[in-house]
Visitor: 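Input: one structure, supplied below.
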Amino acid sequence: MKKTHAFAGLVLSTALLGAGLANAFAADETLRSLADKNGIYIGAILNSQWFSGGLPGNYEQIHKQQFNIVVAENEMKFDATEPQEGRFNYNNGDKMVKYAKQNGMRVRGHALAWHSQVPGWVNNYKNDKKKLLAVLKNHIEKVVSHWKGQVAEWDVVNEAISNNEPQWRTGSVWYQGIGPEFIDSAFVWTHAVDPDAELCYNDYNLEQGINPKAKAGFLLEQVKRWVANGIPIHCVGSQTHVEDTTTDKHFIGSPDSLRSLAKELAKLNVKLKITELDIGFKSGINVSQRDLQRQGQTFRQYLDIILEEPNADTYLIWGVSDKWSWLGGLNRQKGLIYDDNLKPKPAFDSILVRLQTYEPPKDTAKKDTVVQDSSKKDSTKKDTTDAIKPFIAPSSLSLHVAGRTLFVTGFTSKTAKVDIFDMQGRPVFSTENNKGVFDLTTIAEGLYVVRVQSGFSNLTQKVSIK
Ligand code: 9MR
């Protein structure tokens, strides 16, 4: 995947220049087409309900239209793939891999060695180190070879560090039965089976600082050791399940902290990926439109790490719609980018606009190196534009600004909704009417992105307001 300028393909209409119009974005841009342009992966899990056909059709349409990477919520975990000793079940995983292939998406595998979702029979061997090593080795060899060349990256080890005093998670069956060396072994076995796959250590709370008392600080020391010892680790996955800052006084994580981790990992030639992002509010509170806009800003700040740090290439969200999200179990709500009715939230807009407006610094080759490497390994990657073509509605909308008035024509339904964002993707204006004339006197002078939606059509353009 070649990183190109986000504004590539812009249409300049000379007729409208006098009216203050600067640039137009292609009407059919999606998160996915913009992620491709920016040389990054953007994705969401396929929720477990999808595997049993329990989700509405537009869920899947949105999923393949908007994302270029996919991971299974539960279906590639140990209990799903080897529910009984030596009896493997790949059906659901195969279903996802087929879906990804048909739609030109990259596949993430999650997860090989994890203390949770381990079937009961494994615990029978918790006091038998030799047997437990054989169990883990056999599991990894079978699962990784089954999807060799189809799963581009694996979470080889998930959540092996404890939450409190940073140390290993001692309650894990793998830690208890084998010791921390189960981690080194898991990486080596996985690499031996699929030397082309990218191999990650994945964990949560990694956005809470890199000092030695924080989880990411402890992890960094381990990554240094693994790299020095030649353990094949290529990436750290930051799950990034965070809570909206203003509703939790104890919140200590931040995009800046995660960026520091990315920078430290770069020194070790290891990538950072955001693998399970959600930004929830406490359950039970009323979430206002303003709260949702602030949430959008946080989504955008995490995206900036992926756009700006040369060793960061993946932005994966742990769900599509708030309606199907694990967050209730954590006493959180509304942490995703589509609402209960699969309508895009301000967070979606914020991400979209950021991807549209991002301009890479002129002096860096940025993702050329990072993403080219991974796409070489990604046999499922093909022309994504072809894959999403059937879902793109042609737009008849047009807009122009004259003085402080915005004119919209070509409605495909009774009304048009206008959203205006600043160049950081912050929403500054939102209204809907049936006249096509919008008063912009409340907006300060500057460069903005205007998005118009009417029926199934939408149009996004960059405008200068004077
Ligand atoms: O979203 C998953 C949920 O359906 C399962 O019940 C849960 C069981 O452990 O796992 C959830 O996914 C987790 C992921 O595999 C690892 N990081 C935390 C995720 C949210 O709990």
Visitor: Determine whether more than 12 heavy atoms belonging to other residues, nucleotides or ligands lie under 6.0 Å from atom NZ of K417.
Guide: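 Yes, enclosed.
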Visitor: Is any side-chain heavy atom of D322 closer than 4.5 Å to a side-chain heavy atom of Q333?
Guide: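 No, too far: nothing below the 4.5 Å cut-off.
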Visitor: Would you please indicate if the ring centroids of H63 and W50 are separated by under 6.0 Å?
Guide: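 No - the distance between ring centres of H63 and W50 does not fall below the 6.0 Å cut-off.
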Visitor: Angle between ring planes, H139 versus F78, binned at 30° and 60°: parallel, tilted or perpendicular?
Guide: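 H139 and F78: parallel rings.
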Visitor: Just checking, any donor-acceptor pair under 3.5 angstrom between side chains of K101 and Q150?
Guide: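 There is such a pair between these side chains.
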Visitor: Given the ring of F348, does K343 sit roughly above its face, with NZ or CZ under 6.0 Å from the centre of the six-membered ring and within 45° of the axis?
Guide: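 Checked: cation-pi criterion not met.
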Visitor: Quick check for you: to the nearest 0.5 Å, what is the distance between L31 atom CG and I317 atom CD1?
Guide: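 L31 atom CG to I317 atom CD1 measures 7.5 Å (nearest 0.5 Å).
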Visitor: Between D194 and K148, does the salt bridge (Lys or Arg N to Asp or Glu O under 4.0 Å) criterion hold? Intermediate values first, please.
Guide: CA-CA 6 Å; D194 190 350; K148 182 174 173 168; 5.4 Å; no
Visitor: What's the separation between atom CG in L342 and atom CD1 in I62, rounded to the nearest 0.5 Å?
Guide: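 Rounded to the nearest 0.5 Å, the CG-CD1 separation comes to 4.5 Å.
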Visitor: Is the shortest side-chain heavy-atom distance between H110 and M76 below 4.5 Å?
Guide: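 Not touching, per the 4.5 Å side-chain cut-off.
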Visitor: Run the salt-bridge test on R354 and E308 with the 4.0 Å N-O cut-off and return the result as yes or no.
Guide: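 Between E308 and R354 there is a salt bridge, with a charged N closer than 4.0 Å to a carboxylate O.
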Visitor: Does the distance from a Lys or Arg side-chain N to an Asp or Glu carboxylate O, for K98 and D94, drop under 4.0 Å?
Guide: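 Answer for the salt bridge query: no.
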Visitor: Which label fits F187 and W226: parallel for a plane angle under 30°, tilted from 30 to 60°, or perpendicular past 60°?
Guide: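 Tilted: the ring planes of F187 and W226 meet at 30° to 60°.
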Visitor: Listed by chain and number, what are the salt bridge (Lys or Arg N to Asp or Glu O under 4.0 Å) partners of K334, not counting sequence neighbours?
Guide: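 Here no residue qualifies.
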Visitor: May I ask you to check whether over 12 heavy atoms, not counting those of N269, lie within 6.0 Å of atom CG?
Guide: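 Result for CG/N269: open.
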Visitor: Is any side-chain N of the basic residue among D439 and R404 closer than 4.0 Å to the acidic one's carboxylate O?
Guide: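 R404 and D439: not salt-bridged.
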Visitor: If you measure from the Lys or Arg side-chain nitrogens to the Asp or Glu carboxylate oxygens, is any gap between K271 and E198 under 4.0 Å?
Guide: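 Judged by the 4.0 Å cut-off on N to carboxylate O distance, K271 and E198 do form a salt bridge.
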